[in-house]
Amino acid sequence: MLSKAFILALAVVPFVSAHGKVAVVTGDAGGNGTALGIKGGIVPGPGPNSKTEVDTTVFGSTKIKTNGLGRTTGSGKNKVAMLSAAMAQSGSTLPQVSDGGSISGVFHIVTTDGAGPIQAVLDPTGTGAFSKGVLLDTVTQIAGKNGNIAAPKQRSLWARALVSAGIMKRAANVNEDFPMKFSVPAGTTCNGTIAGQSNVCLVKIANSNKAGPFGGVVAIQMAGAAATTGKAASCARAFTA
């Protein structure tokens with residue numbers, strides 16, 4: 001049995017916020033991307049929260065259809081210009097989505113408050129105007145309940161009881177990847193121009209945990225429109241040469 005002094009000592013462990021982030025997204029027609037603000041492999045998976053959470057986007061409202069690109073502790077406020085850095089990591093072709101297609105990818109749960117369920121909303125203007133965006137249907141949902149998941153070391157009945165009693169720290173490291181997938185409505189068009197890329201939509205993916213919410217913003221293109229733009233640009237260059 002735990003001594004009273006030991007229980008009191010454990011009880012003072014602070015409850016801290018936690019995170020989940022969009023690690024990678026692909027389109028059903030090809031292409032690859034990652035969220036704005038993601039720093040990639042230089043951020044450790046396991047370890048103290050201050051080290052593992054630096055590139056997780058935190059949004060200002062638990063309502064998915066709210067404007068803004070969020071912010072990270074490592075880079076501050078997210079900006080559309082960060083797409084250049086995201087593409088430097090993930091490749092020169094943004095996720096390409098066919099008409100009525102989908103996006104899929106990996107949601108990395110960093111710590112226990114960064115879990116599912118998640119939602120996604122598409123902004124066709126590519127500006128972060130998600131309040132007027134289109135809510136996407138979730139095809140593959142990630143693990144979690146009310147934005148929470150037990151850490152691997154907390155998944156026993158005894159550990160969950162300690163967490164519920166406030167004796168064990170709630171926001172422990174999880175460091176696990178989960179697949180996600182969202183369908184994009186047929187007839188979607190993208191009108192944004194970001195970092196030299198035309199026909200761009202932004203997609204906000206996030207949970208609704210009150211400690212955050214947490215997630216990320218990714219850029220995509222509709223496959224046909226992206227291909228047409230590329231051909232038109234090539235023709236224009238040839239004509240003016």
Side-chain angles (χ1 to χ4, degrees), residues 17 19-27 31-40 53-91 93-97 101-108 114 117-138 147 180 182-185 187-222 225-226 229:
S17 62
H19 299 68
K21 61 187 178 183
V22 178
V24 63
V25 166
T26 59
N32 186 57
T34 191
L36 302 179
I38 290 290
K39 294 180 177 295
E53 299 173 340
V54 294
D55 65 345
T56 298
T57 293
V58 184
F59 296 103
S61 173
T62 56
K63 295 180 179 179
I64 190 72
K65 294 187 70 174
T66 51
N67 294 335
L69 305 176
R71 62 185 299 113
T72 68
T73 58
S75 301
K77 188 176 180 179
N78 286 335
K79 302 176 178 65
V80 292
M82 290 178 174
L83 180 59
S84 295
M87 293 180 71
Q89 293 189 70
S90 58
T93 302
L94 293 175
Q96 304 293 302
V97 182
S102 62
I103 57 172
S104 57
V106 173
F107 193 93
H108 183 75
I118 54 175
Q119 291 180 291
V121 59
L122 181 147
D123 163 33
T125 71
T127 63
F130 296 111
S131 63
K132 298 181 180 179
V134 179
L135 192 65
L136 304 185
D137 289 334
T138 304
M180 61 180 178
F182 301 95
S183 61
V184 177
T188 295
T189 58
C190 297
N191 306 310
T193 299
I194 307 173
Q197 301 293 312
S198 301
N199 301 312
V200 178
C201 289
L202 292 179
V203 179
K204 173 184 177 181
I205 301 171
N207 69 8
S208 59
N209 196 302
K210 293 180 180 179
F214 308 109
V217 174
V218 296
I220 67 168
Q221 292 172 316
M222 300 308 295
T229 301

Roughly how far, to the nearest 0.5 Å, is [atom2] of [Y] from [atom1] of [X]?
X: Thr57; Y: Ile38; atom1: OG1; atom2: CD1; value: 6.5 Å
X: Ile220; Y: Thr188; atom1: CD1; atom2: OG1; value: 7.5 Å
X: Thr125; Y: Asn191; atom1: OG1; atom2: CG; value: 7.5 Å
X: Leu94; Y: Cys201; atom1: CG; atom2: SG; value: 10.5 Å
X: Lys39; Y: Thr72; atom1: NZ; atom2: OG1; value: 6.5 Å
X: Gln221; Y: Ile194; atom1: CD; atom2: CD1; value: 9.5 Å

Which pair of non-hydrogen atoms, one from [X] and one from [Y], has the smallest distance, and what is that distance?
X: Leu202; Y: Phe130; result: O-CE2, 3.5 Å
X: Met87; Y: Thr93; result: CE-N, 4.5 Å
X: Thr138; Y: Ile118; result: OG1-O, 3.9 Å
X: Phe214; Y: Phe107; result: O-CZ, 4.1 Å
X: Ser84; Y: Ala195; result: OG-CB, 3.2 Å
X: Gly216; Y: Ala35; result: CA-CB, 4.0 Å

Student check: side-chain heavy atoms of [X] and [Y] closer than 4.5 Å:
X: Val25; Y: Phe182; answer: no
X: Val97; Y: Ile103; answer: yes
X: Ile64; Y: Lys204; answer: yes
X: Lys210; Y: Thr62; answer: yes
X: Val134; Y: Pro185; answer: yes

Donor-acceptor pair, [X] side chain versus [Y] backbone, under 3.5 Å?
X: Asn209; Y: Gly114; value: no
X: Asp123; Y: Gly128; value: yes
X: Asn32; Y: Gly91; value: no
X: Gln197; Y: Ala219; value: no
X: Asp137; Y: Ser183; value: no

Can you check side chain to side chain contact (heavy atoms under 4.5 Å, CB included) on Leu36 and Leu83, steps first, answer last? CA-CA 6 Å; Leu36 302 179; Leu83 180 59; 4.3 Å; yes
Are a donor atom and an acceptor atom from the side chains of Ser131 and Asn67 found within less than 3.5 Å of each other?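 Distance-only check passes for Ser131 and Asn67.
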